[in-house]
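This report concerns only the one structure given below.
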Amino acid sequence: MIEKKVGEGTYAVVYVGRAKDTKRQIAIKMIKVGEFKDGLDMSAIREIKFLQELRHPNVIELLDVFSSETNLNIVLEFLPADLEVLIKDKTIIFSPADIKSWLLMTLRGLHHCHRNFILHRDLKPNNLLLSPSGHLKLADFGLARALPASPRVNLTPRVVTRWYRAPELLFESRHYTTAVDIWSVGIIFAELMLRTPYLPGASDLEQIDVTFRALGTPTEATWPGVSSLPGYKQIQNYPTPSRQELQNRFLAASDNALDLMNDMIHFDPAKRIDTTQALLSKYFTESPPPTRPENLPKKAKQDPDWEEQALKNEEREKLIQKTREARMRA
Amino acid sequence: MSSSISSDSNATTGSPVSSNGSSTTLVNDSSSANTTSNSTHDTKDVDALDSSKKPERTTKERVDSGKPNHKPETLVPGQNVWIFSMAQVAKSPSAKDGIPTKHEFIQRAKGVNFIIVTGTQLRLPPMTIYAAALFLHRFYLRHSLKKFHIYEVGAACLFLATKVEESNRRLKDVAIACTRVASKDMNKVVDEQSKDYWKWRDTIIYNEELALEALCFDLTLKSPYEICTELMIKHEMELVEPVRKAGQHFIHDSCKTVLGLIYSAEVIAAAAFYWAVRSTGTKIDLKPKNGEENKLLGVKKQHVYDAVNMMADFYSTLQETVLSSERKNKYTRMTPSNKRKASDSSSSTSKKNKPDEAQTVPV
C-alpha cells in the first residue's frame with residue numbers, strides 16, 4: 001500500500017508505504033527498468049545481493065524484492081531520519097553519551113558487514129539511517145562489494161563520498177581493504193563531535209590538501225609504500241598535529257575518544273584498527289555509558305519546509321567555508 | 001591409480017560409516033540416479049518439493065524438504081537452500097512438460113557450453129562463468145525448457161553473472177559475443193546495424209529480470225575455485241601445476257552437469273581436490289582426524305565420493321559420445337583434459353568400472 005513519494009534518485013524512485021498485514025511502515029525502492037543501456041542497474045543488483053545476506057539490528061532490513069511489469073521493486077524497512085539531518089539541526093544538542101551510542105551502533109553494523117567480507121564503500125552520515133526507536137542502521141549498499149579473495153583483483157578507487165574518502169583512495173590505490181570503511185567512520189566520529197564536516201574538500205585535489213593540512217602529510221616513515229601508490233602526489237609538507245592541537249580541535253573529547261579516532265584515521269591502512277579492535281576500545285567502556293537508543297535525540301517533530309531547509313543549507317555552507325578558511329590560516 | 005578411488009571408498013565405507021542417519025537418503029537418491037542414468041524416481045520425499053510451482057514473490061519460502069536433516073520452512077541462516085537431491089532435480093518443470101531427463105541434461109550442458117564459449121570470448125574469470133552456469137541450472141529448476149530457450153537464458157545469466165561477480169562487461173559486448181557464438185562464426189562482423197545484434201540485446205535485457213526473479217534474487221555464491229585453492233594451499237599443493245590444473249578443470253567441467261545443484265561449493269571443491277590428487281597419482285595423506293572418520297577434507301566423505309563418481313560418469317559418457325561420433329562437435333573442446341586424466345589414470349575402461357564399484361559399496 002503506497003502512501004507517498006519521498007524521494008527520487010538516479011536509478012530509483014522511493015515511496016513510503018505500509019505493509020498490509022503488519023501495518024508496518026515500509027520504503028519501496030522502485031527501480032526503473034529498461035531505461036539503461038546496460039540492463040539492470042549495478043547498484044540495484046549490489047543492494048539486493050548484499051542485503052539478502054545481511055541480517056543485523058544495525059543494518060537496514062530487506063523485506064522483499066519483487067518485479068512488476070515495469071519495475072523492479074526493493075522493499076526495505078522505512079527509516080524516517082538520518083544522521084546528517086541531526087548533525088545539521090543546530091537546535092539539538094549532542095551529549096558525549098549520544099555520540100558514543102551512535103558510533104557504537106555504526107561500528108556494530110559495520111562489523112557485521114566486514115565479518116561477512118562485505119565492503120560498504122559509501123559510509124557517510126547521510127547513509128546512517130535512524131529508526132523511530134532510535135536505532136541506527138547502515139543503508140545504501142549500492143556501492144558495496146565483496147572483499148576479493150585474491151589480492152590481484154583490482155578495485156576501483158572511485159568510491160566513497162569525497163569527504164569520507166580514505167587517503168589510500170585519494171592516492172588511487174587499486175588494492176584496498178575494509179580499512180576504507182573504518183576511515184569513513186573515523187571522519188563521521190569527528191563530524192559528530194564538531195557538528196560540521198571534518199574534512200570538506202571542494203574537489204578531489206583539494207580533498208588531498210584538506211586531509212593532510214588537518215592531519216599532517218604522510219611520509220614513507222609513517223606510511224610505508226605511500227609514494228608508490230598510483231595517484232601519489234608530492235604535496236606541501238604539513239606537520240602532524242600535536243596532541244594538544246587535537247585536544248583544542250575537539251574540546252569535548254576524552255583521551256580515549258581521541259585515541260580511538262586517531263586509530264581509525266591512521267594513514268597507513270595496515271595499521272588502521274579494524275572493527276573488532278574499535279569495538280573493544282576503552283572509549284566504549286569508560287564513563288559515560290552510551291545512551292540507550294530510545295533516549296537519543298530525534299529529529300524535530302515537523303519537517304522544516306523548503307525555505308527553512310535551504311536557509312539551513314546556506315548556513316551550513318558558510319560554516320564549512322569558515323572552517324576551511326580557519327584551517328588555511330592555521 | 002584410477003581404481004584407487006573406488007578401493008579407497010571401499011575401504012572406508014565398508015567400515016562404520018556405511019549408513020549414518022542423516023546422509024543416507026541423499027546418498028541413495030543420487031547414486032541410484034547415477035547408475036540408471038537418472039530414470040529412477042525416489043518418490044517418497046520428492047513430492048514435498050515442487051520448486052517450479054512456488055509463487056514468485058516468496059524469497060524466503062523456499063523449502064528443501066529433500067534433505068532429511070532439514071526442517072521445512074524454518075530456514076537456518078547461512079544454510080544453502082539451493083541444494084537438492086538428484087530425484088528432485090529430475091522432477092524439473094521440463095520433465096513435467098514431457099522432456100526426458102536425459103535430453104534435459106544434454107540441453108543444460110549445451111547451454112553451459114554456450115556460456116563457457118561466450119564467456120571465454122569476453123575473457124571472463126572462471127568464477128563468473130561458473131556463477132552463470134549455476135544460475136542457468138537453478139533457472140531450469142523453476143522454469144521449463146519448453147518455454148525458455150536455453151541459449152537466451154544462458155546469455156542473460158552470463159550478463160547477470162558479470163554484474164554479480166564484479167567483472168562488468170558492456171551489454172553491447174555481451175550481445176556481440178552471443179551473436180557470434182550463436183552463429184558459430186567467431187570472426188563474424190557484428191555491429192549495431194545487424195539484426196541479430198538487436199535481437200540478442202533485447203533478449204538479454206528481457207531475460208535478465210526474469211532470471212533474477214527465478215533465482216529468488218539470491219545472488220551470492222560461494223566460489224568452489226577459492227575453496228579448492230584453499231585446500232591446495234593447506235596441503236601444500238598449490239604450486240604443483242598438474243594437480244592445480246586438474247582441480248580447476250574438474251570444477252570447470254562440473255558446471256556442465258547438475259553437480260552444483262546437488263552439492264555445496266565445499267563438497268565440489270573437496271571433490272575437485274580429491275580428484276586432482278588421485279588422478280595425478282600424487283601421494284598425500286588424507287587421513288581424517290580422530291572423531292571425524294566420516295569426513296574428508298572437511299565435508300562428508302560419501303558426498304565427495306558421490307560427486308567424484310558423478311563426474312567420472314559424465315566423463316565416460318562424454319568419451320563414448322566423442323568416440324562414437326567421428327565428427328568434431330563442440331565436446332572435443334573437453335577432450336584434452338579428459339584424455340590427460342584418462343592417461344594419467346590407467347585406462348578409460350577401468351575408469352568406467354569405477355563408479356559401479358563404488359556404488360555397490362554403500363548400499
Inset, instruction - Any chance you could lay out the salt bridge (charged side-chain N to carboxylate O under 4.0 Å, His left out) test for B/Glu165 and A/Arg145, step after step, and finish with the verdict? - result: CA-CA 9 Å; B/Glu165 294 296 321; A/Arg145 74 158 289 165; over 6 Å; no
Legend entry - Interchain contact, B/Leu212 with chain A, by part (heavy-atom threshold 4.5 Å): side chain
Inset, instruction - Indicate whether the side chain of A/Ser43 and that of A/Asp41 have a donor and an acceptor atom separated by less than 3.5 Å. - result: yes
Inset, instruction - Quick one: list whatever passes side chain to side chain contact (heavy atoms under 4.5 Å, CB included) with A/Ala27, sequence neighbours left out. - result: A/Val14, A/Phe78
Legend entry - Option in B/Arg169, B/Glu230, B/Glu166, B/Glu208 with maximal non-hydrogen atom pairs under 4.5 Å from chain A: B/Glu166
Legend entry - Residues which pass side chain to side chain contact (heavy atoms under 4.5 Å, CB included) with A/Lys49, listed by chain and number, not counting sequence neighbours: B/Val164, B/Leu219, B/Thr220
Legend entry - Per-residue contact mode, B/Leu160 against chain A (heavy atom under 4.5 angstrom): side chain
